[in-house]
Amino acid sequence: MKRFLLGALLGFASLAHNVFAAETPAITAAAELPLQTQSLQTPSLQTPSLQTYSRDSVSLNGEWKIIVDPYENGYYNYRYEPFDQQATPSQNAYFTDSKQKSPGDLLEYDFDKSASLQVPGDWNTQTDKLYYYEGTVWYRKTFDAPIAKKGERAFLYFGAVNYRADVYLNGKKLGVHVGGFTPFHYEITGKLKDKNNSLVVKVDNKRHADAVPTLNTDWWNYGGITREVKLITVPQTFIRDYKIALTSFADKTVSGSVLLDGAKGGEKISVKVPELNIQQTLTADNHGKASFSFKADKAQLWSPENPKLYALQISTGKDKFTDTVGLRSISTQGKQLLLNGKPIFLRGVSVHEEYSAQGGGRVKNAAEAQQLLNWAKGFNANFVRLAHYPHNEDMVRLAEQMGLLVWSEIPVYWTINWNNEATYQNAEAQLTAMIERDKNRAAVIIWSLANETPVSDARNKFLARLATKARSLDDSRLLSAALEKHYRADNANVAVVEDPLAEHLDLVSFNQYIGWYDGAPEKIDRISWEINYNKPVFVSEFGGDARAGNHGDVDKIFTEEFQENLYNKTLKMLDGIDGFVGTSPWILTDFRSPRRHLPGIQDEFNRKGIYSNTGEKKKAFFVLKNYYDRKAEQKNTNN
């Protein structure tokens with residue numbers, strides 16, 4: 001299998017590499033241009049995914065030295081020419097991490113004497129000086145190389161960097177990655193020194209009209225190395241990737257494949273699921289790929305009530321790889337949503353990857369992810385919509401362990417540049433990275449393509465292409481997107497969901513804010529719905545703001561009572577929609593947004609959470625819990 005992500009860069013030809021030759025680097029950077037002309041939406045030219053979660057690794061997390069560089073003085077000379085385009089870069093290029101050699105040596109930076117930040121983490125909430133900052137920050141980490149065995153290969157892995165990362169090792173550029181929420185990696189075999197390696201990352205979180213997401217969002221643009229960084233060593237021929245899924249619910253057939261890197265063909269691969277007494281020996285083809293299939297008649301299928309995971313063991317030559325996997329089926333039948341062949345109601349909530357209970361911003365570790373999911377379980381949720389971008393891998397895996405179904409989304413949000421091919425390639429690259437990382441997670445049942453995008457011919461073509469790409473990568477899950485509603489021209493009390501994109505989706509999902517952005521709460525009582533698709537209907541957002549502890553009459557905006565009344569009326573209305581299979585109210589907790597300025601109420605927080613940002617339950621929490629308790633009881637009664 002060879003997969004190349006081809007990007008357009010102002011007429012520069014994209015580069016593609018055969019990534020399965022052992023001597024070939026994992027990623028090659030596109031040619032550089034000055035930032036004022038460079039198309040920053042161009043995706044990285046990344047290899048197929050590298051499964052790393054359960055592999056032994058050397059963490060590069062912790063303290064990193066930083067230099068804040070708003071003029072990008074460490075990247076350009078005074079003629080605004082990139083240092084890394086020069087045959088012999090100046091020692092004043094920050095990525096060289098140079099040291100003064102003599103007292104008269106002109107050097108205008110020093111990482112060793114500079115400030116520090118913690119990785120993973122955003123820079124906005126680690127120091128007040130950077131709270132509003134959008135621009136370039138240079139990160140530097142020094143480390144000794146791990147002891148390697150002869151013939152081993154080394155990889156450098158980043159969980160995510162927002163938004164653009166230029167990565168340098170010992171003064172040499174490894175490449176560029178664009179996109180703030182997806183993992184990337186480089187092969188660094190032969191590039192490490194035994195002692196005192198210098199890893200420098202130029203991080204730039206500036207927003208761009210051609211980017212994904214674009215200039216305008218309703219969440220904080222946290223900058224930094226926001227997820228883990230680690231070193232991984234593997235044998236010359238190693239297990240790069242695998243895929244496994246229950247491909248036939250009717251006869252309990254499980255199918256999958258294994259991908260080796262560095263293979264020449266003919267290698268033997270062992271696949272075991274000990275608890276199911278499955279053991280198969282496969283033979284790799286000349287691309288390093290081998291497929292398998294087996295019956296799992298006695299397998300317990302994964303579900304929210306029984307999130308059963310099986311140990312999976314894959315080995316070849318000197319390499320061994322272990323993981324845990326769940327087996328389940330997700331499908332639709334007319335207006336029903338079926339999990340393992342039975343109707344399911346999604347008792348959901350939308351979640352941002354933000355944890356502010358102790359002043360933090362982006363979720364930094366598994367403990368913070370666990371707390372968010374615990375809060376969701378607190379009102380009997382069985383589903384989380386991870387909005388509006390791929391969340392960290394801890395979040396997805398913890399959801400799987402806890403029995404929470406997952407909607408995963410890319411940040412094609414509001415108004416993207418639909419006519420720009422490079423913007424499309426960026427979106428496709430992020431979609432590909434999301435699917436390849438999480439394709440084996442049983443909890444993930446929906447890939448979402450977009451959120452609240454206005455209908456146009458260009459948009460329809462853009463998203464239809466994404467839908468086709470998603471199905472080519474993974475046909476074992478449902479596709480959806482958060483659509484919008486409108487009203488019938490002849491009757492303002494009939495809300496209509498009608499969108500050409502719906503023809504490409506398995507689940508008709510839409511956001512609606514009747515009673516908040518759309519009229520007062522009493523309007524909810526008058527609305528009926530027209531949704532002419534023979535597909536399940538999911539309401540991906542509804543809600544309204546309330547500051548925790550702010551009380552008053554039900555008609556006083558921003559009070560808990562107003563939000564409580566809005567939830568009561570909305571849930572009653574949604575129950576009347578034909579084919580209604582669930583909802584994910586907006587949102588689990590209050591979160592930071594630069595659009596929310598009302599002093600004493602918002603204070604730069606979107607206050608639609610049913611918890612406050614510090615975890616206080618608002619009155620709407622209890623409305624939702626009671627509703628979900630009733631839905632769960634109805635399911636138990638029907639079963």
Side-chain angles (χ1 to χ4, degrees), residues 218-219 347-352 354 356-357 372 375-376 378-381 385 387 452 484-487 491-495 510-529 539-577 580 582-631:
D218 190 11
W219 70 84
R347 308 188 305 270
V349 70
S350 295
V351 184
H352 259 304
E354 179 173 306
S356 299
L372 292 178
W375 283 339
F379 48 82
N380 206 1
R385 178 190 178 209
E452 294 181 355
E484 296 182 297
K485 61 140 179 65
H486 60 274
Y487 291 100
N491 189 338
N493 291 326
V494 178
F510 63 93
N511 300 348
Q512 70 80 30
Y513 284 93
I514 302 171
W516 184 255
Y517 298 119
D518 180 5
E522 57 264 28
K523 180 178 179 179
I524 297 170
D525 300 332
R526 304 193 301 269
I527 298 300
S528 61
W529 290 86
V539 179
S540 36
E541 290 182 28
F542 76 83
D545 288 59
R547 186 175 184 111
N550 184 30
H551 295 286
D553 294 335
V554 295
D555 59 352
K556 184 178 180 183
I557 201 165
F558 294 115
T559 64
E560 289 194 36
E561 287 73 16
F562 187 101
Q563 186 188 47
E564 176 188 39
N565 182 51
L566 179 64
Y567 265 66
N568 275 317
K569 287 179 174 293
T570 299
L571 292 170
K572 181 180 178 181
M573 175 186 67
L574 299 185
D575 270 338
I577 296 176
F580 179 52
T583 184
S584 54
W586 193 261
I587 188 169
L588 179 69
T589 69
D590 296 349
F591 62 95
R592 285 185 175 87
S593 171
R595 299 170 59 87
R596 311 295 172 169
H597 297 137
L598 185 61
I601 297 293
Q602 293 171 316
D603 298 322
E604 296 179 334
F605 275 85
N606 185 313
R607 297 293 183 187
K608 293 184 181 64
I610 56 175
Y611 289 91
S612 73
N613 54 291
T614 57
E616 302 166 87
K617 297 173 183 175
K618 303 178 191 177
K619 292 172 78 70
F621 167 95
F622 300 99
V623 175
L624 192 62
K625 185 178 188 308
N626 289 338
Y627 179 76
Y628 283 167
D629 285 347
R630 292 197 303 273
K631 289 293 184 181

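No hydrogens, no waters, no symmetry mates; every other heavy atom, side chains included, goes into these values. Source: prediction; values computed, not measured.
Here the CD-NZ distance, from E561 to K556, works out to 9.5 Å after rounding to the nearest 0.5 Å. The distance from atom CG of N613 to atom CZ of F605, rounded to the nearest 0.5 Å, is 4.0 Å. Here CG of N550 is found 13.0 Å from OG of S612. Values are rounded to the nearest 0.5 Å. Separation of atoms CD (Q602) and CG (D545) is listed at 5.5 Å; rounding is to 0.5 Å. Rounding to the nearest 0.5 angstrom, the gap separating the CG atom in D629 from the CZ atom in R347 is 8.0 Å. One finds the CG atom of D553 at 8.0 Å from the OG1 atom of T559 (value rounded to the nearest 0.5 Å).
When atom types are taken as modelled, the side chain of T583 and the backbone of V539 share a donor-acceptor pair closer than 3.5 angstrom. Looking only at distances, no side-chain donor or acceptor of K618 sits under 3.5 Å from a matching main-chain atom of R547. Looking at N606, its side chain never comes within 3.5 Å of a backbone N or O of S593 through a donor-acceptor pair. Between the S350 side chain and the W586 main chain, no donor and acceptor come within less than 3.5 Å of each other. Counting only distance, with no hydrogens or angles, the side chain of N626 and the backbone of V623 share no donor-acceptor pair below 3.5 Å. Checked by atom type and distance alone, the side chain of Q563 never pairs as donor or acceptor with a backbone atom of F558 at under 3.5 Å. E354 contributes no side-chain N or O that, together with a main-chain N or O of F591, makes up a donor-acceptor pair within less than 3.5 Å.
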Dump the intermediate steps for side-chain contact (heavy atoms from CB on, under 4.5 Å) on K617 and W375, then the final yes or no.
CA-CA 9 Å; K617 297 173 183 175; W375 283 339; over 6 Å; no
Pair R592, S356 - check side-chain hydrogen bond (donor to acceptor under 3.5 Å, both in side chains), show working.
CA-CA 9 Å; R592 285 185 175 87; S356 299; 3.3 Å; yes
Where do D590 and R596 land on the salt bridge (charged side-chain N to carboxylate O under 4.0 Å, His left out) test, with the steps shown first?
CA-CA 11 Å; D590 296 349; R596 311 295 172 169; over 6 Å; no
Please report the C-alpha distance between D575 and Y627 in whole Å, then the side-chain angles of each, then the deciding distance to 0.1 Å, and finally whether the side-chain hydrogen bond (donor to acceptor under 3.5 Å, both in side chains) criterion is met.
CA-CA 11 Å; D575 270 338; Y627 179 76; 2.7 Å; yes
Does the salt bridge (charged side-chain N to carboxylate O under 4.0 Å, His left out) test come out yes or no for K569 and E522, once each step is laid out?
CA-CA 8 Å; K569 287 179 174 293; E522 57 264 28; over 6 Å; no
Please lay out, stage by stage, how F542 and Y567 fare under the test ring-ring contact (aromatic ring centres under 6.0 Å, His included).
CA-CA 8 Å; F542 76 83; Y567 265 66; 4.9 Å; yes
Please step through side-chain contact (heavy atoms from CB on, under 4.5 Å) for the pair I514 and T570, ending with a clear verdict.
CA-CA 8 Å; I514 302 171; T570 299; over 6 Å; no
Y487 vs D518, test: side-chain hydrogen bond (donor to acceptor under 3.5 Å, both in side chains). Steps then yes/no.
CA-CA 11 Å; Y487 291 100; D518 180 5; 2.3 Å; yes
Please lay out, stage by stage, how S540 and R385 fare under the test side-chain contact (heavy atoms from CB on, under 4.5 Å).
CA-CA 8 Å; S540 36; R385 178 190 178 209; 4.1 Å; yes
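Side-chain contact check for Q512 versus I527: every heavy-atom pair is 4.5 Å or farther apart. No side-chain heavy atom of V554 sits under 4.5 Å from any side-chain heavy atom of L566. The side-chain heavy atoms of I587 and H352, taken from C-beta on, include a pair separated by under 4.5 Å.
Taking the charged nitrogens against the carboxylate oxygens, R595 and E604 have no contact shorter than 4.0 Å, which rules out a salt bridge. Using a 4.0 Å cut-off between charged side-chain N and carboxylate O, K572 and D525 make no salt bridge.
Across all non-hydrogen atoms, the minimal contact from A495 to K485 is CB-CD, 4.0 Å. P585 and V349 make their closest contact through O-CG2, 3.7 Å (heavy atoms, listed as atom of the first residue, atom of the second, distance). The minimum heavy-atom distance between E560 and G549, with the atom names listed, is OE2-N, 2.7 Å.
Using cut-offs of 30° and 60° for the angle between ring planes, the F562 and W516 rings count as perpendicular.
For the ring pair (Phe, Tyr, Trp, His ring centres under 6.0 Å) test, residues two or more places apart in sequence or in another chain that qualify with F621 are F379, Y611.
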